[in-house]
Amino acid sequence: MIRTRFAPSPTGYMHIGNLRTALYEYLIAKSKGGKFILRIEDTDQERYVEGAVDIIYKTLELSGIKHDEGPDVGGDYGPYVQSERKNDYLKYALELIEKGEAYYCFCTKERLDSLKESTEGGDVAKYDRHCLFLSKEEIEENLKNGVSYVIRQKIKEGKTTFHDEVYGSITVDNSDMEDQILIKSDGYPTYNFANVIDDHLMAITHVVRGAEYLSSTPKYNLLYEAFGWEIPTYVHLPAVMKDQHNKLSKRNGDASFQDLIEKGFLPEAIINYIALLGWAPSENREIFTIDELIEAFDLKGLSKSPAIFDPVKLTWMNGEYIKAMDKDKFYSLAEDELKSCVKRQDIDLKKLCGYVQSRIGTIKEIGSKVDFVDNLPEYEPSLYVHKKMKTTEESSLEALKKVTPVLEGLNKWTNDSLYNAMLSLISEMGIKNGQMFWPVRTALSGEPTSPCGASELAELLGKEDSLARIKKGIELLENALS
Ligand code: GLU
């Protein structure tokens with residue numbers, strides 16, 4: 001059975017790239033009837049962030065990515081929080097020492113720092129294996145005296161080759177690798193060690209993660225080999241980019257799931273969008289629910305070229321989800337935003353909401369669409385001139401003057417009656433529809449675009465306000481033409 005895992009470190013921040021990793025892991029497992037596991041990788045105690053684990057749960061829940069096993073739901077191989085398994089890892093490190101595949105290192109921080117200084121540039125210096133050559137007696141003496149130690153992996157000579165589903169075959173010279181630390185001086189395993197032990201213990205078949213881990217993978221493979229364990233299938237994913245040259249980073253403001261939610265994007269649209277960031281379905285289609293993604297997903301569709309995060313495309317996709325949404329559901333989602341933008345009590349907000357629904361990319365765009373309701377904006381008379389509608393300032397003035405008494409005399413102020421009244425006036429005047437509807441729409445909204453047409457706007461604003469706005473339009477045009 002396929003078993004994948006999402007192994008986030010609780011940083012308090014769910015980067016879009018990480019969420020995409022979780023999604024692909026979920027899809028790989030679910031498309032083949034497998035299991036998707038959540039494991040919290042928190043052995044770096046210095047980086048502990050309060051509340052960070054909750055952000056992980058919340059993000060997955062909102063995204064519809066349900067884990068089968070994990071700290072909160074249990075499962076066959078728990079616990080799934082690495083800090084709770086501290087002692088398990090030591091046992092495995094000791095086994096490697098037994099096998100001659102790892103060794104105690106008692107080097108002090110000062111000694112290690114001096115190694116760095118002695119290399120050119122003074123940054124990364126490979127550990128010089130000083131402690132690999134300690135005698136048995138020296139080691140025992142140190143341990144007995146409680147000298148602080150770490151345990152290091154002994155990288156063997158030669159080359160390591162592995163296969164990645166996205167990047168193909170990769171070979172590295174082992175001499176390029178350092179004898180990495182497996183157990184730190186605080187007794188906790190390093191991320192690199194715990195990761196391998198857990199992937200094995202939890203019977204993970206497919207390891208999916210960011211391509212930044214490609215360079216560590218040969219070290220992991222040497223560990224698998226040292227233990228005599230089976231190496232999992234690797235799927236490394238290219239970074240999500242802001243543009244051709246820069247990764248999408250925290251500084252960009254919309255790099256995390258939380259940022260996007262705050263900007264008014266829907267979780268299902270975010271998931272749909274990020275699914276396509278680096279994966280192409282075999283059919284030419286873009287809108288997928290998460291269940292449809294499970295159906296369509298295939299590892300072969302993954303690409304190794306970096307995916308560029310395009311907020312415009314995401315906004316478009318979000319708009320498609322909004323359009324397709326049940327009207328009542330959309331209203332409950334939009335209600336707060338609408339109420340914060342429209343303070344007038346006499347407005348049928350549900351109706352207004354219905355008009356707006358097909359015209360926005362995110363909920364946050366509602367404001368700009370409905371601002372005119374409370375306050376008619378200042379506008380230029382040139383707004384009345386529309387080439388396609390065949391309107392001029394003169395024709396608009398004429399239309400507004402003629403329509404005023406007709407509307408004043410209307411008993412029923414409904415969209416239908418308003419529309420029909422304007423329609424008869426149009427035929428009476430022998431003008432084109434647009435030559436009436438455009439000026440009325442303009443006078444009522446004061447905007448170049450509005451969420452609905454002239455009669456709908458008039459119905460929404462009510463008789464008194466509509467007539468007052470039309471009067472203002474007449475004055476504006478008269479002044480312009482005098
Ligand atoms: N804990 C690692 C991270 O958050 C996960 C790497 C992996 O999936 O192996 O980046």
Side-chain angles (χ1 to χ4, degrees), residues 2-29 34-49 51-57 59-60 63 65 67 69-71 77 79-86 89 153 162 164-167 170 180-182 184 188-224 229 231-240 247-250 255-258 274 278 299 302:
I2 289 196
R3 288 175 60 88
T4 59
R5 86 313 191 255
F6 181 43
S9 301
T11 58
Y13 183 82
M14 180 70 82
H15 189 278
I16 282 304
N18 279 351
L19 185 60
R20 184 191 59 170
T21 300
L23 175 64
Y24 287 171
E25 279 162 326
Y26 177 73
L27 297 177
I28 290 170
K35 291 218 164 152
F36 169 67
I37 285 123
L38 174 65
R39 182 172 78 223
I40 306 296
E41 299 206 325
D42 60 346
T43 58
D44 197 348
Q45 295 289 301
E46 278 163 33
R47 289 176 56 205
Y48 178 78
V49 180
V53 177
D54 283 338
I55 291 181
I56 295 170
Y57 289 146
T59 304
L60 293 180
S63 309
I65 302 175
H67 49 282
E69 296 174 19
Y77 302 88
Y80 298 88
V81 180
Q82 288 185 329
S83 60
E84 291 172 18
R85 303 157 61 86
K86 183 176 165 188
Y89 305 110
Q153 177 180 4
F162 68 99
D164 181 84
E165 290 293 314
V166 176
Y167 288 85
I170 296 178
Q180 64 171 341
I181 297 176
L182 305 178
K184 296 180 278 187
Y188 278 95
T190 52
Y191 152 72
N192 287 325
F193 190 50
N195 187 270
V196 167
I197 302 295
D198 279 349
D199 282 344
H200 170 71
L201 293 181
M202 295 173 188
I204 301 304
T205 58
H206 291 62
V207 165
V208 186
R209 62 179 158 226
E212 66 273 23
Y213 289 102
L214 264 178
S215 60
S216 305
T217 302
K219 290 190 222 174
Y220 303 150
N221 288 347
L222 292 175
L223 286 171
Y224 282 104
W229 294 341
I231 292 174
T233 300
Y234 288 115
V235 183
H236 285 90
L237 303 168
V240 176
K247 282 191 187 172
L248 187 67
S249 80
K250 223 168 167 171
S256 85
F257 182 75
Q258 297 102 295
I274 63 174
L299 273 179
L302 290 176

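When a ligand or atom number is given, it counts from 1 through the structure's own listing order. Please read all numbers here as calculations on a predicted model, not as lab measurements.
In summary, the atoms of ligand 1 found under 4.0 Å from a heavy atom of Ser9, numbered by their order in the structure, are 1 (N), 2 (C), 3 (C), 4 (O). Close approach to Pro8 involves these atoms of ligand 1, each under 4.0 Å from a residue heavy atom: 4 (O). Those atoms of ligand 1 with a heavy atom of Asn195 less than 4.0 angstrom away are 7 (C), 9 (O).
Here's the thing with Ala7: one of its N/O atoms is less than 3.5 angstrom from an N/O atom of ligand 1. At a 3.5 angstrom cut-off on N or O pairs, Tyr213 counts as close to ligand 1.
Heavy atoms only, all atoms of each residue included: Phe193 and Tyr89 are closest at CE2-O, 3.4 Å.
Contact analysis leaves Glu212 out of contact with ligand 1, as no non-hydrogen atom separation drops below 4.0 angstrom.
Under 3.5 Å, the side chains of His236 and Thr217 contain a donor-acceptor pair of N or O atoms. Using a 3.5 Å distance cut-off with no hydrogens or angles, the side chains of Gln82 and Asp42 do not pair a donor with an acceptor.
The nearest protein atom to atom 6 (C) of ligand 1, hydrogens excluded, is given as Tyr191 OH, 2.8 Å; this is a heavy-atom distance. For atom 8 (O) of ligand 1, the nearest non-hydrogen atom of the protein is Arg5 NH1, 2.8 Å.
A ring-centre distance under 6.0 Å is not found for Tyr24 and Phe36.
Residues Val235 and Val207 have side chains not in contact (no heavy-atom distance under 4.5 Å, counting atoms from C-beta outward).
Of the charged side-chain nitrogens involved, none lies within less than 4.0 Å of a carboxylate oxygen, so that Arg5 and Asp198 do not count as a salt-bridged pair.
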